[in-house]
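This report refers to the structure that appears directly beneath it.
Bear in mind that the values here come from a model prediction, so they are computed numbers and not experimental data. FYI, the numbering just counts along the sequence from 1.
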Amino acid sequence: MWTRLTRFIEHHPNLHRLTLLVWRLFPPRLAGFLKGLLSRNWLVGAVAVMIDESTAPPEILLVEHSYRPRGAWGLPGGSLESTPGDPTRPSDNKLPDNVIESALRREISEELGIEINVTRLLRIDAIPYVAEEPGPYRLDFYFRCVPVEGFAALRKALSLGDFKPRSPEIKEIRFVPLTDLPGYNLFSTDFKFLSEELPRLHPNLNLSNIG
């Protein structure tokens, strides 16, 4: 409702100008509160793309989520909801410049027990609707990542059962050949990235049969 009201005002210039004049009279805290009501809600997420290219075919790390019957399998990651601070109050606490990468490393460590290095940003994807989780608009940051201990050590730990998910949200951690992805119940946004964007970003991986 609030979003439709905002768009209505913006499409009527005289009303828009009047609204801006009134807005200038509001105290900053009230203006911030109202802007929060009138703005479209976005969920910001960070996603780890961990591809082991030493195998043939290359394999990617997937996790199975316990809370999602549809699209249970997907790329590991999390949202920035856990970022400390209150945007409505002044604070001397400084957030790091790489706040999204830091949030991703923290989520992977807390949920999977795996320490990672974030090597580069692959894509930022604005997603208006997710069939498995209808709700706020999503803004997902996909990062290429590698395990701190290396892929070989992580594979060995997984095969021996030394790595078990730390969070009840995660049922299983698995390396999956990229060619086997169509056989998995993948989260729709991750499937779109893996089948459409990853082949364009990494043509050397020969991913033409994923989609």
Side-chain angles (χ1 to χ4, degrees), residues 1-7 10 28-29 31-51 60-68 70-147 165-170 173 186-198 200-201:
M1 180 184 71
W2 295 113
T3 301
R4 288 196 295 269
L5 175 60
T6 302
R7 294 177 68 181
E10 289 175 345
R29 187 174 293 276
F33 173 75
L34 291 174
K35 190 170 185 179
L37 288 178
L38 296 172
S39 298
R40 176 171 287 157
N41 291 326
W42 286 82
L43 179 67
V44 179
V47 184
V49 181
M50 302 173 65
I51 303 173
I60 190 165
L61 189 76
L62 296 182
V63 296
E64 184 182 14
H65 294 89
S66 60
Y67 58 88
R68 215 163 50 204
R70 292 178 59 194
W73 286 92
L75 297 168
S79 69
L80 269 66
E81 294 173 339
S82 59
T83 300
D86 182 350
T88 67
R89 298 180 181 277
S91 173
D92 293 330
N93 295 331
K94 303 283 187 189
L95 291 175
D97 292 337
N98 58 343
V99 62
I100 298 178
E101 294 97 315
S102 297
L104 178 59
R105 284 193 294 268
R106 183 175 63 250
E107 288 287 329
I108 299 300
S109 176
E110 291 178 354
E111 292 192 353
L112 308 185
I114 301 173
E115 302 300 324
I116 62 169
N117 287 324
V118 178
T119 58
R120 70 187 181 98
L121 176 65
L122 294 174
R123 178 172 172 78
I124 303 172
D125 207 357
I127 305 163
Y129 176 78
V130 180
E132 300 92 338
E133 293 179 344
Y137 280 52
R138 298 173 66 97
L139 190 65
D140 285 340
F141 290 73
Y142 288 85
F143 291 94
R144 187 74 185 261
C145 303
V146 296
R166 292 180 176 177
S167 168
E169 296 180 7
I170 306 298
I173 309 168
L186 282 171
F187 192 49
S188 59
T189 58
D190 291 342
F191 181 76
K192 180 177 182 295
F193 170 80
L194 293 170
S195 62
E196 297 179 13
E197 299 302 329
L198 192 61
R200 180 180 60 81
L201 294 167

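Heavy-atom minimum distance, Ile108 versus Gly77: CD1-N, 3.8 Å. Smallest separation of non-hydrogen atoms from Ser79 and Glu107: O-OE2, 4.0 Å. For Cys145 against Ile116, the heavy-atom pair with the smallest separation is SG-CD1, 3.9 Å. The shortest non-hydrogen separation linking Ala46 to Leu104 is O-CD1, 3.5 Å. The shortest heavy-atom contact between Leu75 and His65 is O-CE1, 4.5 Å.
Side-chain atoms of Phe193 and Asp140, non-hydrogen and from C-beta on, never get closer than 4.5 Å to each other. Side-chain atoms of Ile100 and Val118, non-hydrogen and from C-beta on, never get closer than 4.5 Å to each other. Contact annotation: the side chain of Val63 never approaches that of Pro165 to less than 4.5 Å [non-hydrogen atoms, C-beta and beyond].
For the atom pair Arg200 CZ and Leu198 CG, the distance stands at 10.0 Å (nearest 0.5 Å). For the atom pair Leu194 CG and Tyr142 OH, the distance stands at 7.5 Å (nearest 0.5 Å). Separating the CD atom in Glu197 from the CG atom in Asp190 is a distance of 12.5 Å, to the nearest 0.5 Å. Rounding to the nearest 0.5 Å places CD of Glu196 at 12.0 Å from CG of Leu201.
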I'd like a table of donor-acceptor pairs (distance under 3.5 Å, sequence neighbours excluded) in which one partner is a side-chain atom from residues 119-128, with atom names and distances.
from: Thr119; atom 1: OG1; to: Arg144; atom 2: O; distance (Å): 2.8
from: Arg120; atom 1: NH2; to: His202; atom 2: NE2; distance (Å): 3.4
from: Arg123; atom 1: NH2; to: Asp125; atom 2: OD1; distance (Å): 3.4

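Without hydrogens or angle criteria, Ser109 side chain to Ile114 main chain gives no donor-acceptor distance under 3.5 Å.
Below 30°, between 30° and 60°, or above 60°: for Phe143 and Phe141 the angle between ring planes is below 30°, a parallel geometry.
For Arg105, there are no salt bridge (Lys or Arg N to Asp or Glu O under 4.0 Å) partners two or more places apart in sequence or in a different chain. Glu111 pairs by the salt bridge (Lys or Arg N to Asp or Glu O under 4.0 Å) definition with nothing, not counting sequence neighbours.
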